[in-house]
Amino acid sequence: MIRARLNPTPPPELLQKPVVGVLLPLPLAGALDYKLPAGLNAPRGALVSAPLGNREVLGAVWGAAEGAVGDNRLKTAEPLEGAPVLPAKLCDFVDWVADYTLNPPGAILAMALRSRGAFEPEARRIAYVRGSVTPPRMSAARARALEVAGDGLARSVTGLAEDANVSPAVVRGLIQAGALIATELPEFLPFKTPDPEFAAPSLNEDQAQAARVLREASAAKKFSAHLLDGVTGSGKTEVYFEAVAEALRQNKQVLILLPEIALTVQFLERFAARFGSRPTEWHSDLSQKERRRAYRAVMSGEARVVVGARSSLFLPFPELGLVIVDEEHEQAFKQQDGAIYHARDMAVVRARIEDCAVILASATPSLESFVNATGGRYSHLRLAMRHGAAELPEVKLIDLRHEKDAPDVEHKGQWLSPPLRCALDKVLAAGEQAMLFLNRRGYAPLTLCEACGHKFTCPHCSAWLVEHKYKKRLACHQCGYELPMPSSCPQCNETGTLIPCGPGVERVAEEFAAFFPNARYSIASSDTLHGPAETQAAIRAFAKREIDVLIGTQIVAKGHHFPQLTLVGVVDADLGGSDGDLRARERTFQLLHQVSGRAGRAEKPGLVLLQTRNPEDAVMQALARGDRDGFYAQERQFREASQSPPFGRLAALVISGYDGDAVRTIAKALGKAAPAARDVKVWGPTPAFYALLRGQTRERLLVQAARGVDVQAYLKAWLALVKVPASVRVAVDVDPVSFF
Ligand SMILES: [Zn+2]
Ligand SMILES: [Zn+2]
């Protein structure tokens, strides 16, 4: 009797090679078909090395093959060693973001694979431990080395030589004699696991109530969105840390997104104080090696909490259980280069795909989040009290149009008004601290020739050159173009006719020093402080009261706690309030509210003085009355009436390129081709705010649509109508937040 063979193995020539779609991290239209090695079937997300032209590209198996190319012409993609697989939910997220932002999925995948070498096999380190053999010849040095090695720790040759104070040759001799034996160590030290029970804080009633809701949401393991809306100093961080603790107890990973500027040592230390160890960091300052270590640790699940800038949203978490976006209103969450996306909005999407909770935290939420919270789509958790004894500062407006209050701008180039100087005087006399805020770097935003009217502009951008007095240079803040401060006018050749117009922080500092020659001050802007370390040092010096007055740009606006800071002076509160941008008012309010929140955070009450020429303006009035919700109500009405976001939808096309004529031609062609559709209006083309940027001409078209319109479908249909030459780039910005 012949018995049927179970699982017969077919002869090799009959074994079919599976064909799959592989997505490459390149801006191609979609996945490409590849064969997999015989007998292998890789799941979605499996990483492969795929031949493309004459190179090998890292890619991910994405789905079924399209089948357009004949089987025999397909190349073979090889799975990576160790068969790493991107989590399926991350793949879904990549597809979702690509669909929503109208970017090629490969361009989004590139953000999820942003660690060169993360998938290469680990480079193990060789180290040595004490073996059982005793060397035939003993010397004092050898004995010392063996005694040190006797503690059982594995050390490198140089490490042991240093610890035992012997030469490396002695150590090598012992290895040869078999007295030390080699062992392998992992390439990276493991990340410590944050301990949810390490130091639970004591919370006030408001905080405890919000923490309870967030803990439950974190434990529920299903999608929910929350706006943690608390005045500055109300202790939002302590509250969301309780949700982090709960996620850790549930064996879930956590992602905390911060705007890059807020990613400070202070935050990491606060985290460590609560959880006993620092979180895993992910931002642009990491070295390649640190990135590789962090990426691998996230993917293996070893990294339990990641604190990162917006790009950390695309990390391969296998067990993501909570997403937090702190300072959710910050514009820094919008990526403007390359693939344009809003990390706050996409964080909500990722949480939905992962089926977990997302917490948006802010003292001045974006109007979008505020409307979602008050409309019941998000839970609205309010923290009204400041933590401890601190009270909110008093805010007063200084009307610069009143002659007696106005500084002598015309004749003496002054920007500090008499009432502000008087307040500074009092604070300094009392031995307290003050902050002067002006959101403008450099000395003067414009240099002008008195004789002929020549204005210095950037040759590559439609922007003025900003004078930097300390560097003795004129600089473009858009592209970085610089030139030495000229002594004569390039147009009329007159000397001594160049005058600075308007103030930057350096000029305000000069004026301050003239009025208060004995006060200790420091300028804080991205020109004077290079990198996070210097910024930290300046902030620490201020906190330790080595400085009386900090004069700075928005670098000083947030997150810092200075108990002796009792006065904040805003030099020009109107700056940025009138550029016709939909969100300009909201942004001005948010920034000034944040700056004001620096004052009076301990027992001493704070005072905020806003210098303005528009004291009747709704933003100024709301700030002076401390009526944040009144401002939101008004802004909401205005947006609703104009069908602006979140009550309508916007999308922009930015057409750019070095060939100005080609850019304008395509912009015009796109304008003409815009399909007529119900509830959709198209504006433009018009030159962008920076019509010239880094040498490229820029034109814009704006789509305004009712909330129910499928904007993506509309844009896709439209873009298919115009053939764009390679010299011109058309960038799609869905939900634009600025109009530069
Ligand atoms: Zn001139
Ligand atoms: Zn420029």
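In each ligand, atom 1 is the first atom listed, and ligand 1 is the first ligand listed.
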**Student:** Check this for me: does any side-chain nitrogen of one of R639 and E635 sit under 4.0 Å from a carboxylate oxygen of the other?
**Tutor:** yes

**Student:** Run the salt-bridge test on R473 and E482 with the 4.0 Å N-O cut-off and return the result as yes or no.
**Tutor:** yes

**Student:** Could you name all protein N, O or S atoms found under 2.8 Å from the Zn ion (ligand 1)?
**Tutor:** C449 SG, C452 SG, C489 SG, C492 SG

**Student:** Between Q611 (side chain) and S417 (backbone), is there a donor-acceptor pair under 3.5 Å?
**Tutor:** yes

**Student:** Just how far is it from atom CZ of F515 to atom CD of E510, taken to the nearest 0.5 Å?
**Tutor:** 11.5 Å

**Student:** Would you check if the side chain of S488 reaches a backbone N or O of N493 as a donor-acceptor pair within less than 3.5 Å?
**Tutor:** no

**Student:** Check whether R700 reaches the backbone of A652 with its side chain - one donor and one acceptor, N or O, closer than 3.5 Å.
**Tutor:** no

**Student:** Could you please tell me which protein N, O or S atoms lie under 2.8 Å from the Zn ion (ligand 2)?
**Tutor:** C458 SG, C461 SG, C476 SG, C479 SG

**Student:** Looking at F333, is R344 sitting on its ring face, NZ or CZ under 6.0 Å from the six-membered ring centre and within 45 degrees of the normal?
**Tutor:** no

**Student:** In this structure, which one of Y100, F314, F93 forms a ring pair (Phe, Tyr, Trp, His ring centres under 6.0 Å) with Y341?
**Tutor:** F314

**Student:** For W415, does its backbone N or O pair with a side-chain atom of E511 as donor and acceptor, under 3.5 Å?
**Tutor:** yes

